[in-house]
J.: 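Input: one structure, supplied below.
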Protein chains: 2
Amino acid sequence: MADEKWSEAGEAVTALILDVFRLNGRLQLAGDRLVAELGLTSARWQILGALAQADKPESVAWHARNMGVHRQGVQRIVNELANEGIIELLPNPQHKRAHLVVLTSKGQKVYEEAIALQVPWVNDLSEGLAVDDITTAQEVISLLRERLLTASNS
Amino acid sequence: MADEKWSEAGEAVTALILDVFRLNGRLQLAGDRLVAELGLTSARWQILGALAQADKPESVAWHARNMGVHRQGVQRIVNELANEGIIELLPNPQHKRAHLVVLTSKGQKVYEEAIALQVPWVNDLSEGLAVDDITTAQEVISLLRERLLTASNS
DNA sequence: ATTGGTTTGACAATGCGTTGTCAAAGTCGT
DNA sequence: ACGACTTTGACAACGCATTGTCAAACCAAT
């Protein structure tokens with residue numbers, strides 16, 4: 001492969017990457033606005049989702065690994081949400097320091113309210129788009145993500 | 001449209017959005033690593049790109065508008081890059097405060113070095129991907145971005 | 001049981017983006 | 001001209017993610 005010029009796929013992926021950056025900014029903004037009235041942000045919302053979908057209570061570090069982000073970021077938000085009574089830190093019989101994180105009933109309610117806002121929002125956003133095209137887009141995005149994941153672990 | 005359940009497209013877009021978030025994080029990381037040796041970051045790189053592709057010198061606020069981000073973020077990085085001699089602030093005959101931002105020859109060189117690193121990286125990343133699929137993905141991403149853009153301006 | 005490595009949470013520093021405020025500079029309507 | 005509005009840069013505060021360090025807790029090998 002020549003080092004000085006893009007391949008055809010390389011050029012297309014470069015354009016895709018630039019659009020992913022721009023879309024990410026917009027999504028972040030839209031997400032923040034959507035759930036702001038619930039006292040949530042995109043980052044808080046994502047953590048609530050991880051807690052809601054976990055089969056059983058897990059530690060902060062476990063969730064961070066599962067989400068592919070760093071412990072510290074999750075920890076800060078978890079502490080805030082715990083102070084607000086949205087989540088709860090249960091003692092962990094297996095590990096004295098690694099508390100188990102769970103949603104409180106209040107947290108469960110907030111999360112469901114967030115979903116109730118997201119559903120009409122995303123249905124409206126995606127109206128008229130071909131499901132096949134969306135799926136193709138998701139597969140491409142997902143593949144690139146996996147390649148970067150394995151590349152960064154080497 | 002029912003408010004309680006995702007449409008088929010809505011569900012697919014929801015999955016796509018989650019992958020866009022994850023890919024964005026990986027790309028940011030990979031970009032930072034790629035150009036770290038040049039003293040750049042993803043954010044700095046993006047601003048150099050905007051300057052390099054501008055037809056003529058423009059103000060910080062103009063570039064921020066053009067990139068779809070806020071003045072303040074661009075301003076901070078522009079000031080840093082100016083201190084490092086990578087860009088230069090020219091006096092603007094039209095406006096005493098709004099200096100015109102241009103790349104120095106050193107900045108031009110750094111930007112070209114960044115591209116020289118990006119080309120083999122992206123060619124490798126996109127190897128074996130169908131160009132049609134990439135293009136479809138980019139069109140979907142771009143369309144979503146435009147819808148969010150017009151929605152946020154209302 | 002002691003040692004050494006791993007996991008975990010606490011804490012701090014930095015980079016980046018957003019939001020808001022302020023004053024200087026420019027623009028437009030009258 | 002004059003005043004109202006807009007644009008622009010400076011400054012500050014906050015939210016978020018990354019990186020690094022530290023000590024407590026756990027775990028495995030001997």
Side-chain angles (χ1 to χ4, degrees), chain A residues 21-36 39-48 50 57-84 87 89-101 152, chain B residues 21-36 39-48 50 57-84 87 89-101 152:
Chain A
F21 283 153
R22 299 192 192 102
L23 177 61
N24 185 77
R26 294 289 165 191
L27 284 173
Q28 199 83 25
L29 214 64
D32 284 343
R33 287 179 185 171
L34 193 63
V35 295
L40 294 182
T41 61
S42 292
R44 285 171 163 224
W45 187 8
Q46 190 186 352
I47 289 177
L48 290 192
E58 299 283 358
S59 70
V60 166
W62 186 93
H63 281 295
R65 263 196 311 274
N66 197 39
M67 285 188 272
V69 298
H70 289 210
R71 297 192 329 275
Q72 289 82 340
V74 177
Q75 187 76 50
R76 189 180 58 78
I77 295 179
V78 160
N79 290 341
E80 287 178 7
L81 292 175
N83 285 332
E84 297 174 18
I87 66 181
L89 297 173
L90 303 177
N92 183 353
Q94 307 295 318
H95 196 303
K96 199 177 289 183
R97 301 191 71 191
H99 293 156
L100 300 175
V101 191
S152 67
Chain B
F21 283 152
R22 298 193 192 103
L23 176 61
N24 185 78
R26 293 291 166 190
L27 284 173
Q28 199 83 26
L29 213 63
D32 284 344
R33 287 179 184 171
L34 193 63
V35 294
L40 294 181
T41 62
S42 291
R44 285 170 165 228
W45 187 8
Q46 190 186 352
I47 289 177
L48 291 193
E58 299 282 358
S59 70
V60 166
W62 186 93
H63 281 295
R65 263 196 309 275
N66 197 38
M67 285 188 273
V69 299
H70 288 210
R71 297 193 327 274
Q72 289 82 342
V74 177
Q75 187 77 51
R76 189 178 56 78
I77 296 178
V78 160
N79 290 341
E80 287 178 7
L81 292 175
N83 284 333
E84 297 173 19
I87 66 180
L89 297 173
L90 304 177
N92 183 353
Q94 308 295 317
H95 194 303
K96 199 175 289 184
R97 302 191 69 190
H99 294 155
L100 299 175
V101 191
S152 68

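Chain letters run A, B, ... following the sequence lines, proteins first, then strands; residues in each count from 1.
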J.: Which heavy atom of A/Ala61 sits nearest to which heavy atom of A/Arg71, and what is that distance?
T.: CB-CD, 3.7 Å

J.: Out of A/Leu89, A/Ile47, A/Asn92, which one pairs with A/Val101 under the side chain to side chain contact (heavy atoms under 4.5 Å, CB included) rule?
T.: A/Leu89

J.: For A/Leu100 and A/Ser59, work out which heavy atoms get closest and say how close.
T.: CD2-N, 4.0 Å

J.: Can you tell me how far C1' of C/dG9 sits from NE2 of A/His63, to the nearest Å?
T.: 15 Å

J.: Whole angstrom is fine here: how far is it from CG in A/Leu89 over to P in C/dT8?
T.: 15 Å

J.: In whole angstrom, give the distance that lies between atom CD of A/Glu58 and atom P of C/dT7.
T.: 15 Å

J.: Should B/Glu84 and B/Arg44 count as an ion pair when the cut-off is N to O under 4.0 Å?
T.: yes

J.: Looking at every heavy atom in both A/Asp32 and A/Ser42, which two are closest together, and how far apart are they?
T.: OD1-N, 2.8 Å

J.: Return a single string for nucleotides 10-25 of chain D, one symbol per nucleotide in 5' to 3' order, where B is base contact, S is sugar-phosphate-only contact and - is none, cutoff 4.0 angstrom on heavy atoms.
T.: BB----BSBBB--BBS

